[in-house]
Amino acid sequence: MSVEQAPVQRADFDQVMVPNYAPAAFIPVRGAGSRVWDQSGRELIDFAGGIAVNVLGHAHPALVAALTEQANKLWHVSNVFTNEPALRLARKLVDATFADRAFFCNSGAEANEAAFKLARRVAHDRFGPEKNEIIATVNSFHGRTLFTVSVGGQPKYSDGFGPKITGISHVPYNDLEALKAQISDKTCAVVIEPIQGESGVVPADKAYLQGARELCDKHNALLIFDEVQTGVGRTGELYAYMHYGVTPDILSSAKSLGGGFPIGAILTTDDLAKHLAVGTHGTTYGGNPLGCAVANAVLDIVNTPEVLDGVKAKHERFKSRLEQIGEKYGLFSLVRGRGLLIGCVLTEAWKGKAKDVFNAAEQEGLMVLQAGPDVVRFAPSLVVEDADIDEGLDRFERAAAKLTKA
Ligand SMILES: Cc1ncc(COP(=O)(O)O)c(C=O)c1O
């Protein structure tokens, strides 16, 4: 039985929502695969993927089936009880990665919050309160809680909210010498995104991650990989650390893990997990049956050679065409990234104008993303059809032609 709902429009946002977002002028109401329709019935191709979340596109039949089957069984019991989907999901993640243990939460920020708290707790228990310093990288992004904006360290996200969490320093990304100069026996953790997502899709160098691993081992510090954006097949491996052959101590995951249903996780080893003993950390919703049922279905599909190899092939399809378009219209100086996390760096002439490209694409019926003001980002479904890639990039070329002509 459906209940009649009052009509709403974009203008309502400015009246009833806290103004911390500035959403586009249209309201998406339905999605299927890599297509989205707005209130007026206009169809768009989605290369934004809900910011690297809709890993299997919209309304994937297997995810709809997993969600509805679970919805008819059991939604929520809290962590006073465990549940079958959570145990199955943890087993799958443990079997597929370096980890022995999983902790579930509801978002990327919460996953990182748990990762940072675990790192501090381990250092506190093993070495005492002096060992509490966290080293992060300049321009990193780890979420919007007070701890995670403090670790992210970008003033635009962390200033103006009173005292920040202390004991955190920032070193330039991909600069091993800077990390070497900063790390000490007071360092409890080094946190790195294997590809910096929000600030421009910047991949780490292999030698940098290897060097960071060695420095952490030398100083008894934990290496945390924030794989909230790079995880769950996005780069063509289940997790990006697998490309590098560098294993973290703690890994945070979210976004694609639920394919659009909110869920986050940290993965870690037995030895570290035991420091979060009963009562030390928790969340009411974390690991709820609905989220875990969907994430199980996501992993069953994504963690297959067919999908992961497909991501690598689709990367090439995107990259070669984007390079062509970028060159033809003088728009991009570089196309970078891995798998289906792709960043197009704007040329000097278009620097600071990623939002204009976003708007021009939208006018042509295409959803893309920015990664800062200088980079246009693509994070589509991992199973986006080749025909949709081609048509989406045709639309993108029309947008580029109009924008550069204007
Ligand atoms: C690398 C990284 N970490 C953490 C987050 C925060 O995730 P959430 O928005 O789910 O809290 C993001 C979100 O963009 C991210 O890209």
Side-chain angles (χ1 to χ4, degrees), residues 18 20-21 23 48-55 103-119 134-154 156-158 161 165 168 170 173-174 189-204 209 223-235 239-241 243-244 248 250-267 283 285-288 291 294-295 298 337-343 354 368-372 375 377-380:
V18 170
N20 61 316
Y21 304 114
I51 320 187
V53 166
N54 298 319
V55 79
F103 165 82
F104 295 122
C105 52
N106 312 287
S107 68
E110 271 181 87
N112 285 324
E113 185 85 19
F116 304 152
K117 282 182 71 181
L118 172 58
I134 294 175
I135 303 178
T137 61
V138 174
N139 290 332
S140 60
F141 186 80
H142 301 296
R144 299 294 200 112
T145 64
L146 193 57
F147 202 166
T148 55
V149 290
S150 300
V151 174
Q154 299 192 51
K156 67 180 173 186
Y157 300 130
S158 58
F161 294 100
I165 308 275
I168 299 162
H170 297 91
Y173 191 71
N174 265 336
V190 172
V191 54
I192 300 175
E193 295 165 78
I195 299 177
Q196 278 193 332
E198 290 307 298
S199 50
V201 190
V202 186
L209 296 186
L223 181 61
I224 302 173
F225 282 170
D226 178 345
E227 293 233 28
V228 168
Q229 191 150 159
T230 53
V232 193
R234 176 66 44 200
T235 65
Y239 285 100
Y241 82 84
H243 285 288
Y244 290 96
I250 307 173
L251 180 152
S252 56
S253 187
K255 285 191 184 278
S256 300
L257 184 57
F261 196 96
I263 182 168
I266 61 168
L267 304 179
T283 146
Y285 275 126
N288 72 82
V294 178
V298 167
R338 268 187 192 270
L340 290 174
L341 182 58
I342 297 173
V368 298
L369 293 166
Q370 299 173 241
V375 175
R377 179 175 32 158
F378 294 79

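Quick note: numbers below take in every heavy atom, side chains included, and nothing from hydrogens, waters or symmetry partners. Counting convention: from 1, in listed order, for ligands and their atoms alike.
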Taking the six-membered ring of Tyr244, is the NZ or CZ of Arg338 close enough (under 6.0 Å from the centre) and on axis enough (within 45°)? yes

What are the polar N/O contacts of ligand 1 with the protein below 3.5 Å, with distances?
| unit_1 | atom_1 | unit_2 | atom_2 | d |
| --- | --- | --- | --- | --- |
| ligand 1 | 3 (N) | Phe141 | O | 3.3 |
| ligand 1 | 3 (N) | Asp226 | OD1 | 3.3 |
| ligand 1 | 3 (N) | Asp226 | OD2 | 2.7 |
| ligand 1 | 10 (O) | Gly108 | N | 2.8 |
| ligand 1 | 11 (O) | Gly108 | N | 3.4 |
| ligand 1 | 11 (O) | Ala109 | N | 2.8 |
| ligand 1 | 14 (O) | Glu198 | OE2 | 3.4 |
| ligand 1 | 14 (O) | Lys255 | NZ | 3.1 |
| ligand 1 | 16 (O) | Gln229 | NE2 | 2.7 |

Indicate yes or no for a side-chain donor-acceptor contact from Ser150 to the backbone of Ile165 under 3.5 Å, with no hydrogens or angles considered. yes

Between Phe116 and Phe147, does the ring centre distance come in under 6.0 Å? yes

Any side-chain donor-acceptor pair under 3.5 Å between Glu113 and Thr145? yes

What do the steps show when you test Arg377 against Gln229 for side-chain contact (heavy atoms from CB on, under 4.5 Å), and what is the final call? CA-CA 12 Å; Arg377 179 175 32 158; Gln229 191 150 159; 2.6 Å; yes

So that I know where these two stand, are Phe225 and Tyr239 an aromatic pair - ring centroids less than 6.0 Å apart? no

